[in-house]
Amino acid sequence: MHTAMLIYIKKFKDVGLRPEDIKDIDDLTKLPFTTKDNLRNNYPFGMLAVPMKDVVRLHTSSGTTGNPIVLAYTKKDLENWARLTARCLSTIGVNENDVFQNMIGYHMFTGGLGYHYGAELLNATVIPAGSGNTRRQVKMFKDFKVTAVHAIPSYMFHIADVCSEMNIDPIQDLYLKKGIFGAEPWSNSIRDRLEDVFGINAYDNYGLSEMSGPDVAVECECKGGLHLWSDYFLAEIIDPVSGERLEDGEKGELVLTTLCKEAMPLIRYRTRDITILADEECSCGIKHPRISRLLGRTDDMIVVRGTNVFLSQIEDVLLKIPGIRDNYQIIINRDVMDELIIKVEVTKDIFNDEPFTLLALKNRAENELRTVLNLKTTVELVEPQSIPDGPGKTKRIVDFRSI
Ligand code: DLL
């Protein structure tokens, strides 16, 4: 028997559940949840439900200080994943006439390869650009007459700046028509700006590594919520505190059960993402229910430039540095490519020291944060009591992206 089954059998036993208790779909609520901790604690292969010889790909998630979450795929899982990202792309109108530039991380992040194979399945012309080297991205837009793009929203903003540095007018000089964006929070006002600058239709796309990657839900032409592929994922909304299932149309935490995954099937997985699920008709004709654009998280995770960052990771780094106090605030600016500023109080004596001490402390904090988060941050050292000391952790974040 595979370890994942043993883990689930133990979970069911713990709540006194027997096979005969599950008779129809409504009995799903009797099943215990699966959490990120279950995946972390069974690192690396404890959650596998197939023998290792059937696993043909591994990815890992970002955003942990210790072990990452390992994602495993069988051949069938990869086929289904490509089918779903193809479905997402076809929902936003991508077809064999499109030249599709995939400007999102390949390697361990699921965004790049996930969309790569979906776009190929649609017979679009795929440019596996990955992120970075922005001047080259813009040159390819122009020379290869790119019509469709995939990126994280903050990167697309950066591209707009590079276009102007290169004296390229994105609407007059390029051929872009549509873009699919996701992996981090972005508001409707950000969408309006992207659409204006590039002359495109910009669609939101939601997914998480634990389900495969960017294949769970996508907006259609109506842009009134994201269709969630209910033949692959069974979605519920729960009250994040009590764990009770909520009614259609109520705001809560999204819980997903995989219906087709072989290597790592997950039962009632708590995504920690807050949204509203509604099974109403959509004028585009797609029958799958819709979730609203994400409304936040229930934990201390933020997504910056596509990378998952936990406040606990930031705290871990800062509090180990002598002279740094435990009061800090995180500011995320949309304009400068999601600049992540960490304001942190330092002890009074540091301000009485040479300016060199302050600079050395700032450099040390920035370097150590970069190593752990895999992300560049700007650390601002401030005097004691200059940051409001709010109650919950989320009060520590000022996120200008969703304003
Ligand atoms: O971000 C997969 C992905 C790649 C989705 C490309 C879309 C496009 P993870 O790194 O596991 O996987 O991060 C998943 O990112 O639980 C959300 O909190 C957040 N997230 C993903 N899509 C959106 C979105 C990929 N459209 C976590 N809006 C999720 C807001 C998003 N947040």
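Counting convention: from 1, in listed order, for ligands and their atoms alike. Both backbone and side-chain heavy atoms feed into the values below; hydrogens, waters and symmetry mates do not.
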Q.
Could you tell me if Asp204 and Trp186 have a donor-acceptor pair between their side chains, going purely by distance under 3.5 Å?
A. yes

Q.
Between ligand 1 and Ser61, can you find any atom pair, the residue atom being a heavy atom, that is separated by under 4.0 Å?
A. no

**Q.** Ligand-side contact atoms (ligand 1) for residue partner Arg297, heavy atom cut-off under 4.0 Å
**A.** 16 (O), 18 (O)

Q) Does Tyr115 come within less than 4.0 Å of ligand 1, judged by its heavy atoms? A) no

Q | Side-chain donor-acceptor pair present, Lys223, Asn201, cut-off under 3.5 Å | A | yes

Q | N or O pair under 3.5 Å between His150 and ligand 1 | A | no

Q) Which of the numbered atoms in ligand 1 are below 4.0 angstrom from a heavy atom of Thr110? A) 2 (C)

Q: Within a distance under 4.0 Å of any heavy atom of Pro185, pick out the atoms of ligand 1 and give their elements.
A: 30 (C), 32 (N)

**Q.** Parallel, tilted or perpendicular, as decided by the 30° and 60° cut-offs, for the rings of His227 and Trp229
**A.** parallel

Q | For Asn205, atoms of ligand 1 separated by under 4.0 Å from a heavy atom | A | 7 (C), 8 (C), 22 (N), 24 (C), 26 (N)

**Q.** Residue, atom name and distance, where the atom is the protein heavy atom closest to atom 23 (C) of ligand 1
**A.** Ala183 N, 3.5 Å

(Q) Return the closest protein heavy atom for atom 16 (O) of ligand 1 as residue, atom name and distance. (A) Asp273 OD2, 2.6 Å

Q: Show the numbers, then the answer: is there a side chain to side chain contact (heavy atoms under 4.5 Å, CB included) between Leu266 and Leu39?
A: CA-CA 10 Å; Leu266 295 175; Leu39 306 191; 3.8 Å; yes

Q) Once the angle between the rings of Phe100 and His150 is folded into 0 to 90°, is it parallel (under 30°), tilted (30 to 60°) or perpendicular (over 60°)? A) parallel

Q: Check the pair Phe198, Val149 against side chain to side chain contact (heavy atoms under 4.5 Å, CB included), reporting the backbone distance first and the verdict last.
A: CA-CA 11 Å; Phe198 289 98; Val149 292; over 6 Å; no

(Q) Looking at Asp143 and Lys139, is there a salt bridge between them, counting it only when a charged N and a carboxylate O are closer than 4.0 Å? (A) yes

Q. Among side-chain atoms of Arg364 and Asn367, is any donor-acceptor pair under 3.5 angstrom?
A. no

(Q) Out of Gly306, Gly213, Ser209, Gly296, who is nearest to atom 9 (P) of ligand 1 when you count heavy atoms only? (A) Ser209

Q. What protein heavy atom sits nearest atom 28 (N) of ligand 1, and how far off is it?
A. Glu184 O, 3.2 Å

Q | Part of Asp204 within contact of ligand 1 (heavy atoms, under 4.0 Å) | A | side chain

Q) How far is atom 6 (C) of ligand 1 from its nearest protein heavy atom, and which residue and atom name does that atom have? A) Pro214 CB, 3.4 Å

Q.
If we ignore hydrogens and angles and just use 3.5 Å, is the side chain of Glu184 paired with the main-chain N or O of Ser154 as donor and acceptor?
A. yes

**Q.** Shortest protein heavy-atom distance from atom 27 (C) of ligand 1, along with the residue and atom involved
**A.** Met301 CE, 3.9 Å

